[in-house]
Student: 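Can you keep this structure in mind? I'll have questions shortly.
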Amino acid sequence: MAAAPRIAKRLAAWWEANARDLPWRFGRATPWGVLVSEVMSQQTQMSRVVPYWQAWMELWPDASALAGASTAEVITMWGRLGYPRRALRLQECAQAVSERYADELPRTYERLVALPGIGDYTASAVMSFAYGKRVAVIDTNIRRVLSRVFLGKESMGGAASAAERALANTVLPQDPSASVMWNQAVMELGAVVCAAKKPLCERCPIAGECLFLESGLPGLGEKRTRPRQRFQGTDRQVRGIVLNALRGLSSEHASSQPRTTAAASRAHAAAPRSLPREQVESLWKDHVQLDSCIASLDEDGLIEILPDGSLRLPR
DNA sequence: TTCCAGTCAA
DNA sequence: TTGACGGGAA
């Protein structure tokens, strides 16, 4: 770890020259905007997040604005970002911030992590990126980079171990401002250079300090997470199909892309229509699975089932 | 096929 | 600790 200060210096220079120009970076977003970007980025590539974040923040610039939106509109604006329960949690989070904290995002980790949909990563990211506090951020990129550089091996799957957290805290620069840049730079390096399967070591600013490279990339690409569930034919796919059909109902201008402000206004004004049972059944051949998914969507609060069996987004 | 700025419930 | 939870890109 003695090399950490030297690595931090190289990384800082690399960050200054190579940081992607994302709209919520470089002090251009409010703390709430930063939080929204982090929630949208959970398990989702940044490149896909940008247009959604811009449309979202234009429509709902602060927590109280989002708190006052209809659930149907929130789900519609979430579009095809994936994991739509995140949209529900984000609105619940907005309502909590609006009501409990007078529309001002809390400034402590403990209060942030207590909000709906905000876990350890997002709370830490907001503390660091929005408030400039010295907090170790632990995400999949940082875990991979730190494990490779300082331990010379791949990080294991599953939850971050105590050892990983200790490492992250040990190598984090003492100066708060430097710690923020460190978090962002390490994360960025993991995203664009120190990739999971094909690291671009020839373009890495700290290749000369990397124990993993020095050891010959032992176990690179080795399966270290449990096998992922196939998507085709799963409940996740069916849920997505049902939800997408309902999203298309909210307004005549519905689309899978982030809508314009004007179109969003019309969606807000229009009462969400419902999808007749007959059309619901045409969505998926296996009706047992279909009904199971409809029930789970209902339990999640993502849809409503009307007495006649038709479906709609919650009002 | 795998991976991606994770969170939550069981 | 494990499984469920979207969808798209390489």
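By convention in this document, chain letters (A, B, ...) are assigned in the order of the sequence lines, proteins followed by strands, and residues within each chain are numbered from 1.
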Student: Under 3.5 Å, is there any donor-acceptor pair linking the side chain of A:Tyr83 to the base of C:dG6?
Tutor: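 In this structure, the two groups form a donor-acceptor pair.
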
Student: Side chain of A:Thr44 only, heavy atoms from C-beta on: which candidate in C:dG6, B:dC4, B:dG6 is closest?
Tutor: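 Of all the options, the side chain of A:Thr44 is nearest to C:dG6.
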
Student: Between A:Glu188 and A:Arg25, is there a salt bridge with N-O shorter than 4.0 Å?
Tutor: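 Yes, A:Arg25 and A:Glu188 are salt-bridged.
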
Student: I'd like a table of atom pairs between the protein and nucleotides 8-10 of chain B - only N or O on both sides, under 3.5 Å - with the distance next to each one.
Tutor:
{"residue": "B:dC8", "atom": "OP1", "partner": "A:Gly117", "partner atom": "N", "Å": "2.7"}

Student: Measure from the side chain of A:Lys197, starting at C-beta and using heavy atoms only, and say which of B:dT2, B:dA5, B:dT7 lies closest.
Tutor: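 Between B:dT2, B:dA5, B:dT7, the one nearest the side chain of A:Lys197 would be B:dT2.
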
Student: Do A:Tyr121 and A:Glu38 have side-chain N/O donor and acceptor atoms under 3.5 Å apart?
Tutor: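 Yes, a side-chain donor-acceptor pair sits under 3.5 Å.
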
Student: With no hydrogens and no angle check, just 3.5 Å: does a side-chain donor-acceptor pair link A:Arg236 and A:Tyr83?
Tutor: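 Side chains of A:Arg236 and A:Tyr83: pair found under 3.5 Å.
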
Student: Distance criterion of 3.5 Å, no angle test: do you see the side chain of A:Arg25 paired donor-to-acceptor with the base of B:dA5?
Tutor: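 Per atom types, the contact qualifies.
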
Student: From C-beta outward on A:Gln43, which listed nucleotide comes closest to its side chain: B:dC3, C:dG7, C:dG6?
Tutor: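 Of B:dC3, C:dG7, C:dG6, C:dG6 is nearest to the side chain of A:Gln43.
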
Student: What nucleotide, of B:dA5, B:dC4, C:dG6, holds the atom closest to the side chain of A:Ser41?
Tutor: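 Of the options given, the side chain of A:Ser41 lies nearest B:dA5.
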
Student: Indicate yes or no: does A:Arg148 engage A:Glu154 in a salt bridge with an N to O separation below 4.0 Å.
Tutor: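 Salt bridge: yes.
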
Student: Determine the contact category for A:Arg143: base if any of its heavy atoms lies under 4.0 Å from a base atom, sugar-phosphate if only primed atoms, P, OP1 or OP2 are that close, otherwise nothing.
Tutor: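 Nothing, no heavy atom under 4.0 Å.
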
Student: Please tabulate the protein-to-nucleotide N/O contacts below 3.5 Å involving nucleotides 8-10 of chain C, giving atom names and distances.
Tutor:
{"residue": "C:dG8", "atom": "OP1", "partner": "A:Arg80", "partner atom": "NE", "Å": "3.0"}
{"residue": "C:dG8", "atom": "N2", "partner": "A:Gln45", "partner atom": "NE2", "Å": "2.8"}

Student: Hey, are A:Arg277 and A:Asp291 close enough for a salt bridge, meaning a charged N less than 4.0 Å from a carboxylate O?
Tutor: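 Judged by the 4.0 Å cut-off on N to carboxylate O distance, A:Arg277 and A:Asp291 do form a salt bridge.
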
Student: Counting any heavy atom closer than 4.0 Å, what does A:Ser37 reach on the DNA or RNA strands: base, sugar-phosphate only, or nothing?
Tutor: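 No contact.
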
Student: Would you kindly say whether A:Ser296 and A:Arg239 are connected by a side-chain donor-acceptor distance under 3.5 Å?
Tutor: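 Yes.
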
Student: Would you kindly give the NZ-to-P distance between A:Lys198 and B:dT1, to the nearest whole Å?
Tutor: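 Roughly 17 Å, once rounded to whole Å.
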
Student: Looking just at side-chain N and O atoms, do A:Ser64 and A:Asp103 make a donor-acceptor pair shorter than 3.5 Å?
Tutor: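 Yes.
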
Student: Could you check whether the rings of A:Trp15 and A:Phe26 sit parallel, tilted or perpendicular, using 30° and 60° as the cut-offs?
Tutor: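 Ring orientation of A:Trp15 relative to A:Phe26: tilted.
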
Student: Heavy atoms from C-beta onward define the side chain here; which of B:dA5, C:dG7, B:dC4 lies closest to that of A:Arg247?
Tutor: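 So the side chain of A:Arg247 is nearest to C:dG7.
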
Student: Is the closest basic N to carboxylate O distance between A:Arg165 and A:Asp120 below 4.0 Å?
Tutor: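 Salt bridge: yes.
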
Student: Heavy atoms under 4.0 Å, any strand shown: does A:Leu22 hit a base, just sugar-phosphate, or nothing?
Tutor: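 Answer is base: heavy atoms of A:Leu22 come under 4.0 Å of a base.
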
